[in-house]
Number of protein chains: 2
Amino acid sequence: MTKLGPKLDTRIQKKNRAAILSAGLMVFSQFGFRGSTLDLVAEEAGLSKPNLLYYFRSKDAIYTALLAKLLEDWLEPLREINADGDPVEELLAYSKRKLDMSQHYPRESRLFANEIIQGAPRIGDVLRGELRELVDEIAVVINGWAAAGRINKVDPYHLIFSIWAQTQHYADFDVQVRAILGKTDPFDGAEHHLEAMLRGLLTP
Amino acid sequence: MTKLGPKLDTRIQKKNRAAILSAGLMVFSQFGFRGSTLDLVAEEAGLSKPNLLYYFRSKDAIYTALLAKLLEDWLEPLREINADGDPVEELLAYSKRKLDMSQHYPRESRLFANEIIQGAPRIGDVLRGELRELVDEIAVVINGWAAAGRINKVDPYHLIFSIWAQTQHYADFDVQVRAILGKTDPFDGAEHHLEAMLRGLLTP
DNA sequence: TAATAATTTGACCAACTGGTCAAAGCCACG
DNA sequence: CGTGGCTTTGACCAGTTGGTCAAATTATTA
């Protein structure tokens with residue numbers, strides 16, 4: 001039998017692991033991996049630094065755990081697009097899902113943005129593999145819709161990019177958006193605008 | 001007479017200051033302020049660290065100099081929108097300018113993105129001041145166009161956000177875009193897609 | 001070319017970095 | 001309640017960080 005280390009499912013383990021991941025999300029999403037320090041994460045989590053490292057092997061392990069969890073949530077909405085549904089409604093629903101994620105999980109969005117801006121050193125493979133395959137599949141679906149005359153002809157890749165860009169903008173550039181809008185809630189108008197834009201582009 | 005320090009306009013000064021700013025742009029745009037080190041900047045610039053600090057007081061001074069220069073270039077395209085021009089063409093031309101900046105100055109775009117994502121600690125005032133005023137002015141112009149029936153009714157703020165989001169996406173998320181497109185040049189299709197989207201939204 | 005000013009550097013510093021470790025504290029269960 | 005394992009911590013470490021400084025080197029110019 002190999003040494004398994006401490007039990008992994010105790011009450012305290014669960015609580016502290018969750019606290020560390022939450023704190024890590026806060027810190028890493030603001031400063032990126034290199035700009036973050038274990039001391040910051042520890043303080044945010046309310047634990048001592050050695051105690052952090054009792055639950056996670058290293059700074060890298062915390063970051064990697066966060067990224068792994070994030071990538072699942074990130075790819076899922078794409079998979080929910082239904083080739084047999086109404087094209088415009090499917091794409092609108094997808095945009096809505098992404099916009100909701102920006103509204104309710106802005107730190108996750110910024111964590112992802114930081115990782116990409118810095119060259120995606122840890123998730124480049126996923127981007128070039130799983131993500132690319134998924135997008136290729138959706139592109140086929142969208143092209144099919146266009147060929148059937150159900151939506152206008154559009155470049156499916158740039159269509160997807162534009163949805164990503166517009167929805168994530170509200171999370172990643174939150175500070176700028178709020179600086180300009182003042183007290184107005186960004187998400188009030190965002191959904192309506194995005195819908196108008198997509199309908200204008202797609203409706204034959 | 002106050003001591004003025006060394007002459008500021010010599011050949012060597014010009015060359016080395018330019019090299020430092022160029023290196024700083026490279027490093028800061030990839031890692032953000034906190035994630036960057038003077039050693040990295042120095043190596044990139046081909047100078048020793050103490051020599052860097054002969055030309056700039058501090059790490060902060062390099063970063064601030066870059067941001068100041070950037071903000072000018074950033075606000076200028078907005079000012080070029082002509083209220084007396086053709087509405088759709090003016091907005092398309094603005095989008096084109098922004099897209100060109102993403103194509104030719106991606107590091108500037110990422111430097112800006114990093115600063116915003118991290119909460120805009122140094123340019124928050126500019127965002128809430130100069131930028132907001134500028135956008136407010138453009139919003140009046142766009143509302144005027146809509147009231148005159150020359151374009152569809154749109155929320156001018158979200159329209160501007162969507163242009164920013166889509167154009168900057170190609171610089172900030174460059175790695176992801178290229179991961180998905182493979183060898184295809186992103187900017188080939190981007191302009192056409194953006195134009196189609198804006199025409200669909202704006203054309204009455 | 002001599003001397004004055006501009007530039008560059010090696011040695012150094014205190015604070016901070018990610019990470020280790022043995023010892024102490026705490027908790028659940030017999 | 002006590003004991004064995006889970007949890008926490010203070011002290012510590014080597015490498016890195018932004019930054020300083022006097023001395024050495026190189027350019028400029030009288």
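Note on naming: letters A, B, ... go to the chains in the order of the sequence lines (proteins, then strands), and numbering restarts at 1 for each one.
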Does [N] have its OP1 or OP2 closer than 4.0 Å to a side-chain nitrogen or oxygen of [X]?
X       : N     : result
A:Asn51 : D:dT7 : no
B:Gln13 : C:dA6 : no
B:Ser48 : C:dT8 : no

Rounded to the nearest 0.5 Å, how far does CG of A:Leu75 lie from CG of A:Leu70? 9.0 Å
Do the side chains of B:Glu133 and B:Arg128 get close enough for a salt bridge, i.e. N-O under 4.0 angstrom? no
Could you check whether the rings of A:Phe33 and A:Tyr63 sit parallel, tilted or perpendicular, using 30° and 60° as the cut-offs?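 A:Phe33 vs A:Tyr63 ring planes: tilted.
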At under 4.0 Å between heavy atoms, how does the protein contact nucleotides 15-25 of chain D? Give one character per nucleotide, 5' to 3', with B, S or -. --SBBBB----
Rounded off to whole Å, could you give me the [atom1]-to-[atom2] distance for the [X] and [N] pair?
X       : N      : atom1 : atom2 : result
B:Arg11 : D:dT26 : CZ    : C1'   : 11 Å
A:Leu52 : D:dT9  : CG    : P     : 11 Å
B:Tyr54 : C:dG10 : OH    : P     : 17 Å

Side chain to side chain donor-acceptor pair (under 3.5 Å) with B:Glu44: which residues, sequence neighbours excluded? none
Residues two or more places apart in sequence or in another chain: which of them pass side chain to side chain donor-acceptor pair (under 3.5 Å) with B:Thr167? none
Among side-chain atoms of B:Asp136 and B:Tyr157, is any donor-acceptor pair under 3.5 angstrom?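 Note: B:Asp136 and B:Tyr157 side chains meet the donor-acceptor criterion.
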Describe the nucleic acid contact of B:Phe56 in one word from base, sugar-phosphate, nothing, applying a heavy-atom distance below 4.0 Å. nothing
Of all the choices, D:dT9, D:dT7, C:dT9, which nucleotide is nearest to the side chain of A:Ile12 once you look at every atom?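 The answer is D:dT7.
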